[in-house]
*Asks:* 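This structure is in structure tokens; I'll ask about it shortly.
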Amino acid sequence: RSESYVTLALLDAANDRDPVVQEQVRKSILTLGNQQPDKVLSMCQDYLLKHPKLVVGHRVVILQTIELVVKSRIDDISYPKIKSVIQLASDEMTKSKEVVPEWQQAASNILVAVGNKYINDIMEEILGKFRPGVLPHFFVVQTLANLSDSNVYGMVPFLNAIMGTMLPMLGMTKQDNMKWVFSSALCHFSESILEYLANLDKAPDPTVRKDTFSSEIYSAYDILFNSWIQSRESKLRLTVAEALGSMSHLMAHDKLEEQLPKLLPTVLGLYKKNSEHYIISKSLSQILEASVNMGSRVLETQIDGLLVALHQQVSVSFTRYLSNTFPDRLMVFVLQRLENSNERNRMGSLAVLRHLINSSTSIMETKRLLILVSIRQPLADHSNKVKKRVVQVISAMAHHGYLELEGGDLLVRFIIQHCALPDTYHVQTTEVTNEALRSMCDNTLHLFTTTVGRLTDVLWPMLLCYLTPNQYANATTPLCKSLILLANKKQTAQEPNFIIDFNAQGVNAAFPFRCRGHGAPSLSLLHAISPNIHPKAEPLWENEIPKLVNYLEGLLKYTTAVIGMQGVAMGIGLCASSHLDGTLEKLEEFGKSDAFRKASGIFGLLKVGRASLYIKMKSTLILCYGYVALHAPEDKLLTRIDSDILHNISKNFNTKVKQSALFIECFCTFQHIESWLSSGQDHERERAVKTTAELLQFYLDNLRVKNLVTFHNLGALVGRLAPRCTDPNPEVRRAAIDCVYRLMYIQLRYEGFSLDYKDDSVEGLLDVREKLSNPDNTVLYKTCSELTKRLPQQQLSTLLFMLYDGLVDSQSNCSRASSVILNTLLKNRGAGLQDLVPEMLEVLHNRLQVIGEEQVKVAIGQSILILATQHLQTVVNTLVAYPLPYDSWSCEMWIALGADSTLALQIMEMIIEKLNVMVPYVDKKESMLRPGLTKVATSQPLAMTCALREMMLNGQSADAVAYLFPKLFSALLVRLGSSVGVQLPKDLNSNSIISDHICVSLCCVLRVAVEALRILLGRAQLDAVMKPLDQEGAWDKMKDPQQHTTGVTLLSRAMAKHAGPRLPSIVESLCPSLCNIYECQRITVTAFFSELLNHHVVTELMILDMLMNNMMERITDTCGTVRMLAVRGLGNIAVGSPEKVNKYAKELLAAMSSGMEENDDPGKLITLEAMSGMSKILIYLDQKNVHLLVVYIFMKIKPFLENVSENDEIRCASIMLLGNLSKFGSGEPVFKDQIHNVLVSLLLHLSDPNPQVVKACKYAMRICAPVIGSEQISAMFQNHLLEEKGLHHGEFINDLTKYLVRSKSFLYYKNTHRIAECLVMLLQDPDPLVRGKAAEAMGHFH
């Protein structure tokens, strides 16, 4: 019968190499066994008997299966079958004299399972192999032991006789494994007897007593203790020890009392011989429990030795026996050991003490004062390890009320003392550091405050006393935190003792940065306890203290920097007191060093980070000269003050020594007041500018020029003062005009003009000055800009430097003025500044980072545009070379370049041209240890893609984007393909300072291209394209290498539907990329073209032929993914242009057939597309084009219908293709026979977990129904197998079977047998999942 056939096949497969399949086979046999247990057990027995040389693993699985059937259906198995199973298991267990654990254990388990009901039959069989005077098989003894565990009430009545037979065997045993199994059995027997005696009310024979077994147990004990426990084999020693522990409860009291003096030391001695202490401890616990229960007197004589040995093990598990029986002895012992200064002894004693405090509360009640006194000695221990244990003991004492007693305050003080520990230096890694101990004490104090409610009144207000003594200063922070919690708790509860008498209290919060920064916590505590200080303090401190805390936290950062500078300068000054010459020489050498030279460029000063460092260096250097003057010997100082000290100080105020002392004096004075020119306070700016005006007037009045020279500082001074002409304060504006006016005349004097010469343009400033009450900024800007034209070319860079500095002026009017003058200057004279363009762009980049004024930011964008208009290639090359990822300020600079449509067009064309020819990535070997190459992006194309993205964000670039759209779209789509699976360059991560403002989208090469493409569509106003892409998550799919082609397909679909007229130019631009050497680019473009063929628009636009020709060429591409996409595209013609299918019939059928025969297709993706495409085109192909190929195509798809290892998509496609093919083969007898062959597979897949497969099956069976040859079955398929209608698979199969049986058709017999054959065949499938499912199905074959 079929059931037997299936069961036999399952038994053959029982040793499957996959454990999951093996388990499923076992389950299926069990399922069959649950239906017909006798029959299945008989087949298992017969199988084992017919295959005596079966490998052990296979025998084991079958034996395990028998065990499962017996366990689940023991009540339904016939008695004769039980007897035969017992005989089989017994024979299997003892067939080999050698021990084969896995095999013999499986057989033993069957006997144990049967023994749960048929114990007498089992014992009859087992005892036949457990004869007196003959050593039994190892697993006979093991089975008896396991039976005593699983069936206590059935086995205990046999144990007296079993042990009577076993005792003589013990003396005969020489091998360690037999000694082990006998010892183990005695342990199990003893535990079973104890369980039986503990539940006599449930036992079948309540007359059984412990003394029934005492004699046999003692005889066995004698051999185990006097002989076997001395074995060299540690495993045996441990098992013997475990058995002795269990047996001790069954020994006669006098015998146990007699043996205790020898037994306890022997078991204790095992600690030294074995590394596994758990079993020894368990045995010792059982022996002690038995001794205590019988009231042993001898135990008291052993207590000292026990305590010493157990203390060395730091074992606390025995204290529950000893503390209940000998509490005083145990406590005295532990407390005496605390006096021992040995670290290990003391730590062990503290561990036991902590356990006693936690676990023996009632017994310890009378000993609490004694413990409090004794704990004082370890408090003075110097070892941090011991202190750590002390803290743990104190924590336990706190939870049990010890700290509330007299002397408890000492323990609190100990905790606080160790909260104040200093940091550790040079400590070994095995030690407990001061930091670790301090942290533990901090946490303990916090726990006292938050979890031990009874300590609240102990700690409040006692903790306040520890705030003022200096030795506890380092503990201020945790103390304050705890006091804040206590104060809030008491204040919330309105407890009367919250208010404190401060006659003897005080708080010291001076020196806020000392002692782990205790200033801020002290202030916070004062805030919390303010009602205690004075009733009026609370509302005042509510406002003031948080400000003070914030000030301290900020001051801490500032103080650290200032102290560092001052410390350096003081040290240099002290050196000068005895080594003046050498000190001055070194200072001068430092002033000329690279540290100053590298940052001394005009624009280098403005670099973020470097400028700050440079200013700090100069400030420190000047401060050093000051301390040198303070400490240098007076007799030497006078000769060096001018030549060395003042000269170098003036140099570092950014001045140069000029021809006259007058200039030095004036300019040094200006340097002192220069910083006040941009002060945020009106009166400070007014005084600074007016003072400057007076200085310049004084200089002008006293200036005498004999030779024509250049006024080198004109640019710097004009750049600094001209923006002040627009200051919001009218007095400042007037004074600034005066300054510029006088500067111009100073310049004229230097140029050789006479004292009485008047210049018209300069005199025009006086007219502007008179109108400054309501100034016209346009006129003012124009006047200042005109004056800047008069500057010599060599001073232009200095002026630019100062104007860049003015962009961040504190007054927005002045920063705007700087930007206007700057841009005017660049327009008029920027063409001659090509060498300075990179440096100017860097300065603008740095300035963008600190400018908040939006109008000034716009002006900077204009500056960049002006420079680009004059020096386009230099600007583009400079910005492209900026470190990636671009920060937000670099992005702003690129966005600015998009503001001019004409300029943007030039830049975009330049970038597109370079993207088309540049190498997108390089293959690099990532590691010598790992095989293969990694694609790493090249920096320039990546940077250019980022640049395009940012430029297109500017709305003014719309015209340029519209003009270049086909080229931009094509270039970015190809770039998108070039980015799949490409990593960022390794040096990218180390570039620039990563801040919150960084352009976070640059963390992935692929993401950059996707975002650029998205912005392009938005700028081209293709909202209709973007909407479906956003809804379907296309952008995320494009970024994911695994779903990239899906994303590109969605993009192509959206373009075809909503941007059709743009496609011809795009397709033309993309065609050359299909022949590109880069595989990833070909994949992306092919995916795009493939989807276009899904839409009729390509026929309307007359690009169908171009696309079809390209897809035909790609069929032979070296890349499998490209071939797959090409096949997909060719199939899509049936959807997009069905009327063209017969035109390309020959080419399409050849391509699809070739795809189904593809050998280089590991994932069967090409095959899948070929079958799907074939299904599509068959709908529209004429009969004449397909007729001769029907059987050929069917034979191609048949393996995919029957092979369940194929994935769901391929199965679904093959089933759909079968349905579409049937209309061409309905009159062919060969085709009809083939349909019959695959019908079983189709019926099985009607219950497939994948709904798409089910849907395909319904479709195919409806279409194929007429071919089957039965009108009833055909009608049934048409009525019940509707796609959207649910199907009860079981009922459907039952009804179909009835039709088949009634008709007694050949189809019924053929398919019943076929199902069984199929399932057996599937058990051989290479995929373990398939084998498992087949085994599962066979379990239901009954």
*Asks:* Quick check for you: to the nearest 0.5 Å, what is the distance between Leu836 atom CG and Leu841 atom CG?
*Replies:*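 Leu836 CG to Leu841 CG: 10.5 Å, rounded to 0.5 Å.
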*Asks:* Under 3.5 Å, is there a donor on one side chain and an acceptor on the other for Gln697 and Asp701?
*Replies:*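 Yes, because at least one side-chain N or O of Gln697 sits under 3.5 Å from a partner of the opposite role on Asp701.
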*Asks:* Hey, does the side chain of Ser810 reach the backbone of Ser678 with a donor-acceptor pair shorter than 3.5 angstrom?
*Replies:*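 Answer holds: yes.
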*Asks:* Take the angle between the ring planes of Tyr741 and Tyr745 and call it parallel below 30°, perpendicular above 60°, tilted in between.
*Replies:*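 Perpendicular.
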*Asks:* Run the side-chain hydrogen bond (donor to acceptor under 3.5 Å, both in side chains) test against Glu585 and tell me which residues pass, sequence neighbours left out.
*Replies:*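 By the side-chain hydrogen bond (donor to acceptor under 3.5 Å, both in side chains) rule, Glu585 matches no residue at all.
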*Asks:* Rounded to the nearest 0.5 Å, how far does CD of Gln681 lie from CD of Glu686?
*Replies:*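 Rounded to the nearest 0.5 Å, the CD-CD separation comes to 12.5 Å.
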*Asks:* May I ask you to decide whether Asp581 forms a salt bridge with Arg640, counting only side-chain N to carboxylate O separations under 4.0 Å?
*Replies:*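 Yes, charged N to carboxylate O under 4.0 Å.
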*Asks:* Can you confirm whether Lys857 is buried at NZ, in the sense that more than 12 heavy atoms of other residues, nucleotides or ligands lie under 6.0 Å from that atom?
*Replies:*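 Yes, enclosed.
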*Asks:* Can you confirm whether more than 12 heavy atoms, excluding those of His579, are under 6.0 Å from its NE2 atom?
*Replies:*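 Check fails, neighbour count at 12 or below.
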*Asks:* May I ask you to say whether Glu731 pairs ionically with Arg734, meaning some side-chain N is under 4.0 Å from a carboxylate O?
*Replies:*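 Arg734 and Glu731: salt-bridged.
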*Asks:* Quick one: CG on Asp442 to CG on Leu437, what's the gap to the nearest 0.5 Å?
*Replies:*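 Spacing of CG (Asp442) from CG (Leu437) equals 9.5 Å.
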*Asks:* Answer yes or no for Lys758 and Phe753: cation-pi contact, defined as NZ/CZ to six-membered ring centre under 6.0 Å and angle to ring axis within 45°.
*Replies:*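 Checked: cation-pi criterion not met.
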*Asks:* Has the side chain of Ser439 got a donor or acceptor atom that lies under 3.5 Å from a matching backbone atom of Glu435?
*Replies:*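 Judged by distance alone, no pair lies under 3.5 Å.
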*Asks:* With a 4.0 Å cut-off, would you call Asp809 and Arg724 a salt bridge?
*Replies:*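 Yes, charged N to carboxylate O under 4.0 Å.
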*Asks:* Give a yes-or-no answer on whether the side chains of Asp887 and Ser890 include a donor-acceptor pair shorter than 3.5 Å.
*Replies:*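 The answer is yes; a qualifying pair exists.
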